[in-house]
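The sequence lines fix the lettering, A, B, ..., with proteins before strands; numbering per chain opens at 1. Because only heavy atoms are used, hydrogens play no part in the values below, and waters and symmetry mates are left out as well, while side chains stay in.
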2 protein chains.
Amino acid sequence: MKYKPEDIPEITIRRLSIYLQILKLLEERNINMISSNQLASLSHTNAVSIRKDLSYFGEFGKKHIGYNVNSLIRAIKGILKTDKGNYFIIIGYGNMGTAIAHFPGLANDDFILKGIFDNDENKIGQEALNGIRITDIRDIHSFLNNNNIQLAVLATPLNVAQITADNIINAGIEGILNMTGKQITVPKDKFVYDFNITTGFEWLSYFTYKKEQYNDH
Amino acid sequence: MKYKPEDIPEITIRRLSIYLQILKLLEERNINMISSNQLASLSHTNAVSIRKDLSYFGEFGKKHIGYNVNSLIRAIKGILKTDKGNYFIIIGYGNMGTAIAHFPGLANDDFILKGIFDNDENKIGQEALNGIRITDIRDIHSFLNNNNIQLAVLATPLNVAQITADNIINAGIEGILNMTGKQITVPKDKFVYDFNITTGFEWLSYFTYKKEQYNDH
DNA sequence: TCGTGTGAAGACTTTCACAGCG
DNA sequence: CGCTGTGAAAGTCTTCACACGA
C-alpha cells in the first residue's frame, strides 16, 4: 500500500522518533531482532500502532521474525531525514541556550551544532564549547549565506522572541525549536516545534489534582 | 451540558494552557473583553475549538459580547488548579536544571520552586538562587515528608533518569516534568510530561525536508 | 504457528450549522 | 444582529480482525 505524504498523521512522526530512541538503546545492547510487541512495551506504545506507523513508509519487517534493529534504525533515520547529518544553530545563549548546547546525544542523533548567536557584548567572541564562539546576532545573515543550515533553537528572552524569529527566518532558517515559552508566528511554509515549560507544569497540575479528587470519593 | 472528567480530551488541557498564556498578555495590556474569534487568532487555534474546550467546564462567556479576560483567567486557573500556587522541586542541577530554575514567569504562573537536589558533593550546600540551596538527593524523603510538594522536574543525566524517577516517586512525587530525553516508566497513578529535545529536532527535520521535496516538483 | 501488514470498524476530535439570547 | 454554546456531521486516528508468508 502506498501513501501520500499528506496522508501520514503528524503524530506518527513523533512516535517514529520515540521508536528510534529505543532502537538505539537496543543496538547498544547488541540486540539484533525485535518484534512490534517487544518494541511496544519498551516505548510505551502498542504493537499495532508501530506496525501501522511504519506501514505508511514501507514494509520493514519479516513475517514470523520481526524487525532487524539495525536496518529499522536506518529506515527511520531515512524517513526523518536525519541520516545525513543536520546542522543547527542556537539563538540566545542564556541558561536555556547553554542547556541545549550541552544536551547529551544530539550529535549522536545526527544534529550538529554549527553556531551560537547572542546580542550581549560580554558574551560575543567567547568560546562556548567545542571551539564554537558566540557570534553577534547581527552577523546571522552572512553566516547563513555561507552555510547550509535549516534549523535553529530559539532561546531568547520572551520580549524579543517574535522579532528574533522574524529575523532568523528572514536570514534563511526553515525550522525553529521554540524554547522561549512564548507563542511565535511564522510564515506558513516554515515550521515551529514548541516547548512550553508552563504548559507542562499546568498539564501536570490538572492531572495530579484530578487524581486526588477521584481518591477522595 | 455537564461532562465527566474522563470525557474531556487530554489535548483540551494543553490548549487551555495556551489560551491562558495569551489571556495573561491581554490582561497586561488592560484589555477587558475578548471574543473567541480574537483569542483564536492570537493563540493560533480556532474559535469553535476555544468555545468547545471551555464548554467542557462550564459557560464562561456572554452572548453578543464575548469573554471577560480577568474572569476567564480565573476560570482557567481554577480548572488547571494553578490558582492556589503549586510547589515544585528540581532534581539534577546541571545545565538543564539551571535553565528551568531560571525560566522566566514560572512563579508568575503560580509554580513556585521549593527545592533543588543533586548528588554532586561540589554542588550540595551551595546557594542556587533566591536563597534556595542545593540539597543532597539522599535527603529527599525527609524533605518531602515535611512539605506538600507534588511536582518535580527531572533533569538528571540519562543513565540515572529511571532510578531517580523511581526514587522521587517513592518519596511522594505525583507528577514529573521529564527533561532528561529518556523515556521513563512510572506507576499508572503517577504522571509524566515528556520534553524530548531530540524528538523536536527530528520532527523539524522531517517537515522541513518534506517541504523541500514538494518545492522540487 | 507466529508476527507482519492492512482493510474495515470503532473511537475520538474537529468542524459545521444553528438555536438562543442580550 | 453578533457571539456563545452545542447537538450532529465530518474527519482523523486507533484498534480490531484476519490474510499472508516464513
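- Taking the six-membered ring where the residue is Trp, the centroids of B/Y193 and A/F207 are separated by 6.0 Å or more.
- The distance between atom CD1 of B/I11 and atom P of D/dG11, rounded to the nearest whole Å, is 19 Å.
- For B/H64 and D/dC1, the NE2 to C1' distance is 6 Å, given to the nearest whole Å.
- If you measure from atom CD1 of A/I50 to atom P of D/dT14, you get 13 Å, rounded to the nearest angstrom.
- Using a 4.0 Å heavy-atom cutoff across all strands shown, B/S49 reaches no nucleic acid atom at all.
- In this structure, B/N46 atom CG and D/dT4 atom P are separated by 12 Å, rounded to whole Å.
- Salt-bridge check for A/E10 with A/R14: passed, with a basic side-chain N closer than 4.0 Å to an acidic carboxylate O.
- Straight-line distance from the CZ atom of B/R51 to the C1' atom of C/dA19: 13 Å, rounded to whole Å.
- Closest contact between the side chain of A/E59 and the listed nucleotides D/dG2, C/dT4, C/dG5 involves C/dG5.
- Nucleotide C/dT15 holds its C1' atom 13 Å from the CG atom of B/D53, rounded to whole Å.
- Checking the phosphate oxygens (OP1, OP2) of D/dT4, a side-chain nitrogen or oxygen of B/S36 falls inside 4.0 Å.
- Place B/A47 and A/K52 on DNA chain D by their nearest nucleotides, and B/A47 ends up nearer the 5' end.
- There is a side-chain donor-acceptor pair under 3.5 Å between A/S17 and B/E202.
- Comparing D/dG21, C/dG22, C/dT6 by their nearest atom to the side chain of A/K63 picks out D/dG21.
- Among the atoms of the strands shown, only primed sugar atoms or phosphate atoms (P, OP1, OP2) are found under 4.0 Å from some heavy atom of B/K62.
- For the OP1/OP2 pair of D/dG5 and a distance below 4.0 Å, the side-chain nitrogens and oxygens of B/Y67 include at least one atom meeting the criterion.
- The distance from atom NE2 of B/H44 to atom C1' of C/dT14 is 19 Å, rounded to the nearest whole Å.
- Closest to the side chain of B/V48, out of D/dA22, D/dT6, D/dT4, is D/dT6.
- Taking the six-membered ring where the residue is Trp, B/F111 and A/F201 present tilted rings, their angle falling between 30° and 60°.
- Following rounding to the nearest Å, B/F57 (CZ) and D/dT4 (P) show an atom-to-atom distance of 18 Å.
- Pairing each heavy atom of B/L113 with each of B/A101, the nearest pair is CD2-CB, 4.1 Å.
- B/N37 comes within 4.0 angstrom of nothing in the nucleic acid, heavy atoms only.
- Remark: A/R15 is in phosphate contact with D/dT14, judged by side-chain N or O atoms under 4.0 Å from OP1 or OP2.
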